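Keep in mind that this is a model prediction, so the values were computed, not measured.
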Amino acid sequence: MDAEPLLLESIGYVGDEFRFLERHLERLSTSCLTLGYCNDKVRMIPDALRKYVSVNKVVEDGHLCMVRVTVSKDGVFEVGHRLLEWPVPLYSLPKEDKTEEYPRRSISVNTEPIDTHGVYMVNKTTMRKPYDAVRSAAPPGTFDTLIVNSDGHLTEGCFTNVAVLANGAWTTPHISCGLLPGTLRADFLSSGDLQEGLITAEDLRTADMIVCFNSVRGVVVCNVA
């Protein structure tokens, strides 16, 4: 019998701050309740994070720190980190005429529809098989690959959310399409900078701009390879 996957949160540590920490903890607690994991120790995570960064070298010039928290079925959590070669992230959606500060990358679209409503697609865990399969089929050198659900709508990337700019408004796939509700996505929605809707691969071709984003790397301006 396979072991239960671990719940997972990847948190950007930028400028002595754990970005969107409260949203990460809220999402983690929701997943605990949804999947039947013990969440008694989630409240202890902020102190554990602060202790971790105080005793480990997590800051290095030219690198971005991604702190990783995993939680087992019985509620035991572990903290680790990884340094990414990445510029200081930007946590705002770009204006159409002001994109020079943002990283630029190429993305691809996985045209083979998949079922995106399973519990391991809408909760963040170490069970990454569907995402790994999509990534393995992507053209070399692409930053991320967008997923298409069984209805033909885009949902998300393998590790980012996606949004398109059209007619002056930013739109991201609706939660009902089956996707991980990213913490930066939640922040954009609550501020009114972003709206939910249905997006197809064709919409990518006609969009004024495409961005992929998450709470670690921030916002990335993208083109379809």
Peer 1: Within the structure provided, determine whether M66 and I11 are in side-chain contact (heavy-atom separation under 4.5 Å).
Peer 2: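 The answer is no; the side chains never approach within 4.5 Å.
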
Peer 1: Is the shortest side-chain N to carboxylate O distance from E202 to R205 below 4.0 Å?
Peer 2: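 Yes, this pair counts.
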
Peer 1: What residues form a side chain to side chain donor-acceptor pair (under 3.5 Å) with T30, not counting sequence neighbours?
Peer 2: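 Applying side chain to side chain donor-acceptor pair (under 3.5 Å) to T30 gives none.
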
Peer 1: Would you say L8 and T125 make side-chain contact, with heavy atoms under 4.5 Å?
Peer 2: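 No; the side chains remain at least 4.5 Å from each other.
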
Peer 1: Does E101 have any side chain to side chain donor-acceptor pair (under 3.5 Å) partners at least two apart in sequence or in another chain, and if so, which?
Peer 2: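 Partners of E101 by the side chain to side chain donor-acceptor pair (under 3.5 Å) criterion come out as none, since no residue qualifies.
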
Peer 1: V14, V216: one ILVMFWY side-chain cluster at the under-4.5 Å cut-off?
Peer 2: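 Yes, it is one cluster - the side chains of V14 and V216 are joined through contacts under 4.5 Å.
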
Peer 1: Mind listing the side-chain donor-acceptor pairs of residues 54-64 below 3.5 Å, one per line with the distance, residues two or more places apart or on another chain?
Peer 2:
unit_1	atom_1	unit_2	atom_2	d
S54	OG	K51	O	2.6
N56	ND2	Y52	O	2.9
H63	ND1	D61	O	3.0

Peer 1: Evaluate the side-chain proximity of P181 to I175: yes if any heavy-atom separation is below 4.5 Å, no if none is.
Peer 2: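 Yes, at least one pair of side-chain atoms sits under 4.5 Å.
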
Peer 1: Checking D74 now: which residues fulfil side chain to side chain donor-acceptor pair (under 3.5 Å) with it, not counting sequence neighbours?
Peer 2: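 For D74 the side chain to side chain donor-acceptor pair (under 3.5 Å) partners, ignoring immediate neighbours, are S72.
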
Peer 1: Scan C158, S108, C222 and name whichever one has a side chain to side chain contact (heavy atoms under 4.5 Å, CB included) with D144.
Peer 2: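 It is C158; the other options fail the test.
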
Peer 1: For W170, check ring pair (Phe, Tyr, Trp, His ring centres under 6.0 Å) against everything at least two apart and list the hits.
Peer 2: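 Result, ring pair (Phe, Tyr, Trp, His ring centres under 6.0 Å) vs W170: none returned.
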
Peer 1: Which heavy atom of T200 sits nearest to which heavy atom of L154, and what is that distance?
Peer 2: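 Here T200 and L154 meet closest at O-CD1, 3.7 Å.
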
Peer 1: Regarding T160 and R105, is there a side-chain donor-to-acceptor distance under 3.5 Å anywhere?
Peer 2: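 Judged by distance alone, the side chains do not pair up.
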
Peer 1: I199 vs C177, test: side-chain contact (heavy atoms from CB on, under 4.5 Å). Steps then yes/no.
Peer 2: CA-CA 10 Å; I199 303 174; C177 293; over 6 Å; no

Peer 1: How long is the straight-line distance from CG of N161 back to CG of L180, given to the nearest 0.5 Å?
Peer 2: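 One finds 7.0 Å between CG of L180 and CG of N161.
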
Peer 1: Starting at CG of L7, measure out to CZ of R27 and round the result to the nearest 0.5 Å.
Peer 2: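 Between atom CG of L7 and atom CZ of R27 there are 10.5 Å.
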
Peer 1: With sequence neighbours left out, write down each residue that passes side chain to side chain donor-acceptor pair (under 3.5 Å) with S191, or none if nothing qualifies.
Peer 2: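 Here the qualifying residues are D193.
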
Peer 1: Same cluster or not: are L35 and L6 linked, directly or through other Ile, Leu, Val, Met, Phe, Trp or Tyr residues, by side-chain heavy atoms under 4.5 angstrom apart?
Peer 2: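 No, L35 does not connect to L6 through the hydrophobic network.
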
Peer 1: Say you draw a straight line from CG of L198 to OG1 of T155; how long is it, rounded to the nearest 0.5 Å?
Peer 2: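 Taking CG in L198 and OG1 in T155, the distance rounds to 12.0 Å.
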
Peer 1: Answer yes or no: is there a side-chain heavy-atom contact under 4.5 Å between K124 and S10?
Peer 2: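 Yes - at least one pair of side-chain heavy atoms lies under 4.5 Å apart.
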
Peer 1: After noting the C-alpha distance and the side-chain angles of T172 and E196, does the key distance pass the side-chain contact (heavy atoms from CB on, under 4.5 Å) rule?
Peer 2: CA-CA 5 Å; T172 194; E196 291 184 304; 4.3 Å; yes

Peer 1: Hey, what else clusters with L83 if you join Ile, Leu, Val, Met, Phe, Trp, Tyr whenever side-chain heavy atoms sit under 4.5 Å?
Peer 2: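 Traced through the cluster, L83 reaches no other member.
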
Peer 1: Report yes or no: do L21 and F77 belong to one cluster of Ile/Leu/Val/Met/Phe/Trp/Tyr joined by side chain heavy-atom distances under 4.5 Å?
Peer 2: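 Yes, L21 and F77 fall within the same hydrophobic cluster.
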
Peer 1: State which residue, out of N223, V221, V220, fulfils the side chain to side chain contact (heavy atoms under 4.5 Å, CB included) condition with R104.
Peer 2: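 The option that passes is V221.
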
Peer 1: List, one per line, each side-chain donor-acceptor pair under 3.5 Å for residues 87-95, sequence neighbours excluded.
Peer 2:
unit_1	atom_1	unit_2	atom_2	d
Y91	OH	S215	O	3.0
S92	OG	Y102	OH	3.1

Peer 1: Provide the closest heavy-atom pair for E156 versus L179 in the form atom of the first, atom of the second, distance.
Peer 2: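 Distance-wise, the nearest heavy atoms are OE2-CA, 3.6 Å.
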
Peer 1: Is M121 isolated, or which residues cluster with it under the ILVMFWY side-chain rule of less than 4.5 Å, directly or via members?
Peer 2: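 Joined to M121, directly or through intermediates: I114, Y131, V134, I147.
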
Peer 1: CD/E96 to CG/L165 distance, rounded to the nearest 0.5 angstrom?
Peer 2: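 Reported to 0.5 Å precision, the distance equals 5.5 Å.
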
Peer 1: With a 6.0 Å cut-off (strictly less than), is the heavy-atom count around CD of E112, excluding the residue itself, greater than 12?
Peer 2: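 No, the 6.0 Å shell around CD holds no more than 12 heavy atoms from other groups.
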
Peer 1: List, one per line, each side-chain donor-acceptor pair under 3.5 Å for residues 36-47, sequence neighbours excluded.
Peer 2:
unit_1	atom_1	unit_2	atom_2	d
Y37	OH	P5	O	2.5
R43	NE	D40	O	3.4
D47	OD1	R50	NH2	2.6

Peer 1: Going from OG1 on T126 to OH on Y120, what distance comes out if it is rounded to the nearest 0.5 angstrom?
Peer 2: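 Between atom OG1 of T126 and atom OH of Y120 there are 9.0 Å.
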
Peer 1: Test your reading of the model: is there a side-chain donor-acceptor pair from R68 to the backbone of R82, 3.5 Å cut-off?
Peer 2: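 Looks like no, no N/O pair under 3.5 Å.
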
Peer 1: Could you check whether R19 and T183, counting side-chain N and O atoms only, form a donor-acceptor pair closer than 3.5 Å?
Peer 2: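 No, no side-chain donor-acceptor contact under 3.5 Å.
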
Peer 1: Membership question, hydrophobic clusters at under 4.5 Å side-chain separation (ILVMFWY): are V119 and M127 in the same one?
Peer 2: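 Yes; tracing contacts between hydrophobic side chains, which count when under 4.5 Å, links both residues.
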
Peer 1: Hey, is the main chain of T116 close enough, under 3.5 Å, to the side chain of N149 for a donor-acceptor pair?
Peer 2: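 The answer is no, because no donor-acceptor pair under 3.5 Å joins these two groups.
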
Peer 1: Give every residue pair that meets the ring-ring contact (aromatic ring centres under 6.0 Å, His included) criterion with at least one member in residues 187-220, sequence neighbours excluded.
Peer 2: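 Pairs touching residues 187-220 that pass the test: F188-F213.
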
Peer 1: Sub-3.5 Å donor-acceptor pair from the side chain of T171 to the main-chain atoms of A166, do we have one?
Peer 2: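 Absent.
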
Peer 1: With clusters defined by side-chain heavy atoms of hydrophobic residues (ILVMFWY) lying less than 4.5 Å apart, directly or transitively, does V164 cluster with M209?
Peer 2: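 Both belong to a single hydrophobic cluster.
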
Peer 1: Measuring from atom CG of L25 to atom CD of E9, what distance do you get when rounded to the nearest 0.5 angstrom?
Peer 2: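 Atom-to-atom, L25:CG and E9:CD are 8.0 Å apart.
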
Peer 1: Take a 6.0 Å sphere around CD of E26 and say whether it holds more than 12 heavy atoms from other residues, nucleotides or ligands.
Peer 2: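 No, not enclosed.
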
Peer 1: Specify the closest pair of heavy atoms between A133 and S136, including all atoms of both residues, with the distance to one decimal.
Peer 2: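 Looking at all heavy atoms of both residues, the shortest contact is O-OG, 2.8 Å.
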
Peer 1: Is the closest side-chain heavy-atom distance between N214 and L184 below 4.5 Å?
Peer 2: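 Of all side-chain heavy-atom pairs linking L184 with N214, none is under 4.5 Å.
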
Peer 1: Short question: side chain of S31, backbone of L28 - any donor-acceptor pair under 3.5 Å?
Peer 2: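 Not a single qualifying donor-acceptor pair exists.
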
Peer 1: Restricting to pairs with a member in residues 141-163, which pass ring-ring contact (aromatic ring centres under 6.0 Å, His included), not counting sequence neighbours?
Peer 2: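 Passing the test, one end in residues 141-163: W86-F143, F143-F159.
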
